[in-house]
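Single-structure report; data block below.
Letters go in sequence order (proteins before strands), and every chain restarts at 1. Worth saying up front: this structure is predicted, and the values here are computed from it rather than measured.
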There are 2 protein chains.
Amino acid sequence: MDRAISVKLSPALKASCHTCSLSNLCLPLAVEENQLDQLEDIVEQGRIYDRGDHLFDQDTPFRSCLAVRSGAVKTSIITENGSEQVTGFFLPGELVGLDSLSGERYACTAKALERTSVCKFPIEKLEELTSAMPELQHHMYQLMSREIQGSHQLAMLLSKNSAEERIAALLLSLSSRFQRRRMSGTKFNLPMARSDIANFLGLAVETVSRVFTRFQNQGIIRTQGREVELLDIESLRGVMPDFDRQSPPSPR
Amino acid sequence: MDRAISVKLSPALKASCHTCSLSNLCLPLAVEENQLDQLEDIVEQGRIYDRGDHLFDQDTPFRSCLAVRSGAVKTSIITENGSEQVTGFFLPGELVGLDSLSGERYACTAKALERTSVCKFPIEKLEELTSAMPELQHHMYQLMSREIQGSHQLAMLLSKNSAEERIAALLLSLSSRFQRRRMSGTKFNLPMARSDIANFLGLAVETVSRVFTRFQNQGIIRTQGREVELLDIESLRGVMPDFDRQSPPSPR
DNA sequence: CGCGGCGTTGAGCACGGTCAAGATGCGTGG
DNA sequence: CCACGCATCTTGACCGTGCTCAACGCCGCG
C-alpha cells in the first residue's frame, strides 16, 4: 500500500540517508558515516501525504516512528468525549511517534498540515539497531528526553503564562526551528490553522486572532493569513519573560 | 559523602533488587531473574533524604537516574526569573530524572516531600546495560514514552479542564498509584503541600483550598490537612469528563 | 452564484487570580 | 508546660483575563 502513490516519485523504496539534506537533524546525526548503511537498511520510504491526510491514527497498531522529510505534521490526542488536544507540531527532521513506544498502539493521531513526505523506522528493527549501536541508543534517549522537557515547558507555558506570552513563545520556537533548517527565521508561513494554534496553546481561536492583531498593531509582527513576519524579535522575547534564549536543537 | 548518613542504615552499599518489594514496579520488572545480578551490580544505594532535601539540582552535572524506594519526591523546573513549575510527583518504584537524559545537566530539581530513600542508576552504566539487555532497553523506552504521554495528559488537563476537574484528576491518579503499591486507594496522606498541588495544576493555592472544601461539602471527599479520604470515587470520575478509566502502570 | 471553512471583531460574563485577613498546626525555646 | 513565631491552610471580597456567543468578512471551490 505504501507504493500506491510513490511509485513514480521514488523509484527506489530504500531511503538514502547518505544524500539526505536533513542528516544533520535526523537520526543519522548520531551515526558514523561508515555505519549509515545499517540505518538505511531499516528505513522505509513513506508515501506522500496531502494536507489533512492521517499519517497514523490513535489506537491503531503501532508499527513505526516517522521522520518528517518535508512538509509539517501535527499530533493530537482525542478523548472519549471527542475533545482534541494538539500535542505537537513537527517540522522536517523531527521524529514523530516517540510517545507511542510504550504500547502496542499509537498514543496519538498524526495529521499532515501540508503536503508531507516521511521516512518510516519500523520499531522492532529500530530497537534492534539501537541495541547494536550505543550512539544511536544514546541519541534515542536524548530525543525522548527532549520531548519530555519540551512537554514540561509546554505545561509551564499553559499554567503560568498569558495568551500573549504563549503565542510569543510559539512564534519564537517556530522561528528558531525554521532557522535551523536554513529557512528564514523572521518570515515564514504557519503550517497550521489558527484553531490548531489555539488548541495547542490552550486558548480560544478568537484569542489567538486578537493577540495576532494586537502584536501587529504594536509593530512586533506582520501577518497576512498564515504568512508571518517577525519585525521585532527582541520585543517578542520581551513579551516572554522566561523562554530559553537558545533552546537546544529539540523536536516537538 | 553518600555514606555519611547511611552507614548504619545500610551496611552493604549494594542494593538488592532480588529482595526488594518494588521489583514489580521498578526496573527489575523488565529483567529476567537470572540477569538481575547485572542490574544490582550497577545500582548504588542512595542516602536517606529528609523532607525538603534536594536529591539533585537543576543545571548540576547529570549523573544518575533515581528510583524512589520509599517516601515521595517532587520535580520542578525553575526559570531565570525565579518562577517554579512542578513537573511531577514520584512515588516508590518510579524513576526520576528521565527528562535529563538529553544533556550534561539535570533539567529539573528533585526534592524530597517526606523522608525518602532512593536507588541510583549511574547513567553511563545504565546505558551500557541497556545496550546489552534488549528487554531493559525496551523497558526504558517504555518508561520514557509513558512520561511523554503523561506530560501530554497534563498539558491537556491544564489547557482544557476546570479547577475541579484538574484536582479530581490528580486525586484519582494518586489513588490508583497508591493502590498499585498495596496501599489504600481511598484513604491516604498527600505527600505534597497545597502549594505544590496548585503549582503542578496551574492554579492558585486559594483555588485548591476552595475546591477541596467544595468537594468536602458535596460529600465526595473528606480532608483534614494532608489526610484525604475519597468517599465517592464515581462522583470524582464524574467530575472529570475524560480521564483514562484505567491508566497504565505509569510513572509521575 | 452560493456554500463552507477559516479568520476577525465586538459585547458580556464567569472562572479563577489577587489581595487581605484570619485560622490552624507545628517546632523551638524559655 | 506554655509562649511565641512561622508556615500552611482556609475563607472572603473584588477584579481582570480570556471564554462564549454572535455576527461579519474573506477566500476557494463546486
Please report the distance, rounded to the nearest Å, between [atom1] in [X] and [atom2] in [N].
X	N	atom1	atom2	value
A:R214	C:dG7	CZ	C1'	16 Å
A:E206	C:dC6	CD	P	14 Å
A:F215	C:dT9	CZ	P	15 Å
A:M192	C:dG7	CE	C1'	16 Å
A:R210	C:dG12	CZ	P	13 Å
A:L158	C:dG17	CG	P	14 Å
A:I197	C:dT8	CD1	C1'	14 Å
A:Q216	C:dT9	CD	C1'	14 Å

Handout entry: Range on DNA chain D touched by chain B, heavy atoms, distance below 4.0 Å
Key = D:dC9 to D:dA13
Practice task
Check the pair A:K111, A:E84 against salt bridge (Lys or Arg N to Asp or Glu O under 4.0 Å), reporting the backbone distance first and the verdict last.
Solution key: CA-CA 13 Å; A:K111 205 169 171 179; A:E84 178 185 13; over 6 Å; no
Practice task
Have a look at A:G52 and say if it touches a base, only the backbone sugar-phosphate, or nothing, with a 4.0 Å heavy-atom cut-off.
Solution key: nothing
Exercise for the section: Report which part of the nucleic acid B:A163 touches: base, sugar-phosphate, or nothing (heavy-atom distance under 4.0 Å, all strands). Expected result: sugar-phosphate
Exercise for the section: Spell out yes or no: do the side chain of B:R226 and the base of C:dG25 have one donor N/O and one acceptor N/O closer than 3.5 Å? Expected result: no
Exercise for the section: Spell out yes or no: do the side chain of B:E164 and the base of C:dC15 have one donor N/O and one acceptor N/O closer than 3.5 Å? Expected result: no
Practice task
Indicate whether OP1 or OP2 belonging to C:dT8 is found under 4.0 Å from a side-chain N or O atom of A:R194.
Solution key: yes
Atom pair [atom1] ([X]) and [atom2] ([Y]), whose distance is rounded to the nearest 0.5 Å:
X	Y	atom1	atom2	result
B:F212	B:I167	CZ	CD1	5.5 Å
A:R146	B:D99	CZ	CG	13.0 Å
A:L22	A:R181	CG	CZ	7.5 Å

Practice task
In sequence, state the C-alpha distance, the side-chain angles, and the governing distance for B:Q149 and A:S102, and then conclude on side-chain hydrogen bond (donor to acceptor under 3.5 Å, both in side chains).
Solution key: CA-CA 9 Å; B:Q149 281 182 40; A:S102 64; 2.9 Å; yes
Exercise for the section: Using a cut-off of 6.0 Å, state whether more than 12 heavy atoms not belonging to B:R51 lie near its atom CZ. Expected result: no
Handout entry: Minimum side-chain heavy-atom gap A:L230-A:I221 below 4.5 Å
Key = yes
